[in-house]
Protein chains: 2
Amino acid sequence: MALSKAVAENTEVGRAGILDAAALLFGRHGYGAVSLRMIAEAAGIKAGSIYYHFASKDAIIAEILDVGIRAVHDEVRDRITALRADASARDVFRAVLRGHLYALLEHGDYTSANVRIFGQVPPAVRNANLPVRRAYEGFLDDLLSDLQASGAISSDVNLPRFRLLLIGALNATLEWFDPQKGGAEALADDYADIILNGVLAKTGDKT
Amino acid sequence: MALSKAVAENTEVGRAGILDAAALLFGRHGYGAVSLRMIAEAAGIKAGSIYYHFASKDAIIAEILDVGIRAVHDEVRDRITALRADASARDVFRAVLRGHLYALLEHGDYTSANVRIFGQVPPAVRNANLPVRRAYEGFLDDLLSDLQASGAISSDVNLPRFRLLLIGALNATLEWFDPQKGGAEALADDYADIILNGVLAKTGDKT
DNA sequence: GTCTATATCTGGATAGAC
DNA sequence: GTCTATCCAGATATAGAC
């Protein structure tokens, strides 16, 4: 019996337990479909007790949204930082996609909850999450901008638009990804190849 | 006063009016946030009257989801059919993206409602929409398969995965598209260029 | 085909005991 | 810090008049 009481009962205590339970439920069922009573049950407490830790349902959502974005941002930043100084553009690009998809698909209910419910929450909650979103988007824009300045990414590419295409394609994987049919990092490399090279057959190719 | 009563009052009558109002509201605010009272008010009737036309809220949703997919499917199919026999692979690909984005972004609350709320509706409603979805996916897969068989799309590309990337990127445009900053078809062509050519600078390029 | 009125349920949130 | 009990608003859905 080396398991902690929390793990053994599949619940966690207090604030953190409520947040974890809520993130899981929101990501699975959507904002409107999850009640405070459901969250309380999953956390192993009663609904009324939630209000000792949070002022409202929206306060819970708001925190989950912020944590979710920071988790991807941190994961991608760490992987970029860990690259060697002579890393190629393909290496950098792969690190971004691997970090983003790993955080989204295999590590963290908060990130997937963010992607799924951001469009469903009240406008005030959405607005509160915007600064954290903008920070991540700015980080990606800077990265892509460097790649274009160095000549790796074609100067024809409209970067803001390309970033939207990229993030849209990555986040959409959440709807169909099945970890039993291959990991997030293999998927990231496939996506990186398609987006870097394009799908058109090269006329001089004879592989 | 050549305007019909329905147009003048910004409402439509009966079944079609309820569906139109519901599609608009669901697409804007999400499944859980839209009540029958809101739909009724937008349609110019009272909530109870809805039950003369529909058995339940879910029956309304189910019909909207199906119509939404058929609208994209029809739009894309018509554009492909209208192509000349000697159309290039780029022409075909552009027609797909233009049709999909036009139906999604500029023509039809049903399609955008589908993309936005599909993940929020009860499982039974989702399942009911699957055959129509599968038909559109199959249509796209056949099209891409032809392009690959003819040598236009590289044989390295995993088609089912590429289709998921493509649809994911296209549907995500709904979250940020602003018709005042350029139309859906210009956006489609930009996306087509990025995906066909890739973003990597060609080493022999000197445009 | 639409109305009014209402039954029934479930949601978020609060108060006070322990 | 969690409980029980409850208030109140809003939801879907129904019944019957017109």
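Here is the naming used below: chain letters follow the sequence lines, and residue numbers restart at 1 for every chain. Please read these numbers as outputs of a predicted model, since none were measured by experiment.
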Original post:
For B:Gly48 and A:Ala47, take the nucleotide of DNA chain C holding the closest heavy atom to each; which residue's nucleotide lies nearer the 5' end?
Top reply: B:Gly48
Subject >> Pair listing, side-chain hydrogen bond (donor to acceptor under 3.5 Å, both in side chains) test, anchored in residues 174-184 of chain B, at least two apart >> reply: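 Every pair satisfying side-chain hydrogen bond (donor to acceptor under 3.5 Å, both in side chains) with a residue in residues 174-184 of chain B: B:Arg116-B:Glu175.
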Subject >> Pairs flagged by side-chain hydrogen bond (donor to acceptor under 3.5 Å, both in side chains) wherever residues 77-89 of chain B is involved - sequence neighbours left out >> reply: B:Asp74-B:Arg77, B:Glu75-B:Arg79, B:Arg79-B:Glu185, B:Arg84-B:Asp86, B:Ser88-B:Asp91
Subject >> Given B:Ile195, B:Leu170, B:Val199, B:Leu187, the one that forms side chain to side chain contact (heavy atoms under 4.5 Å, CB included) with A:Leu165 >> reply: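 Option passing the side chain to side chain contact (heavy atoms under 4.5 Å, CB included) with A:Leu165: B:Ile195.
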**OP:** Let me know the distance between CZ of B:Arg37 and P of D:dA11, rounded to the nearest Å.
**Re:** 6 Å
**OP:** Round to the nearest Å and state the distance from B:Ile50 atom CD1 to D:dA13 atom P.
**Re:**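 My rounded result for the distance is 10 Å.
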Would you compute the distance between atom [atom1] of [X] and atom [atom2] of [Y] and round it to the nearest 0.5 angstrom?
X: B:Leu174; Y: B:Leu104; atom1: CG; atom2: CG; result: 5.0 Å
X: A:His53; Y: A:Leu19; atom1: NE2; atom2: CG; result: 10.0 Å
X: B:Ile80; Y: B:Phe93; atom1: CD1; atom2: CZ; result: 10.5 Å

**OP:** Apply the test side chain to side chain contact (heavy atoms under 4.5 Å, CB included) to residues B:Arg94 and B:Asp193: give CA-CA distance (whole Å), side-chain angles for both, the deciding distance (0.1 Å), then the verdict.
**Re:** CA-CA 9 Å; B:Arg94 273 190 175 160; B:Asp193 285 343; 3.6 Å; yes
Original post:
When you check the phosphate oxygens OP1 and OP2 of D:dT14, does a side-chain N or O of B:Tyr51 lie under 4.0 Å from one of them?
Top reply: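 Answer no for this pair, as no side-chain N or O of B:Tyr51 is under 4.0 Å from OP1 or OP2.
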Original post:
So do A:Ile50 and A:Ile45 actually touch side chain to side chain, heavy atoms under 4.5 Å?
Top reply: yes
**OP:** Name every residue in residues 56-66 of chain B that has at least one heavy atom under 4.0 Å from any atom of DNA chain D, in order of residue number, or write none if there are no such residues.
**Re:**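 Heavy-atom contacts with DNA chain D come from B:Ser56, B:Lys57.
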**OP:** Show the numbers, then the answer: is there a side chain to side chain contact (heavy atoms under 4.5 Å, CB included) between B:His100 and B:Tyr136?
**Re:** CA-CA 11 Å; B:His100 189 104; B:Tyr136 180 47; 2.7 Å; yes
Subject >> Interface limits on DNA chain C, where chain B has a heavy atom under 4.0 Å of a nucleotide atom >> reply: C:dG1 to C:dT4
**OP:** Determine to 10° how strongly the helix from C:dG1-D:dC18 to C:dC18-D:dG1 is bent, judged from the axes of its five-pair ends.
**Re:**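 Answer for the end axes of this duplex: 0°.
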**OP:** Only counting residues at least two apart or in another chain, list the ones meeting side chain to side chain donor-acceptor pair (under 3.5 Å) with A:Ser150.
**Re:** none
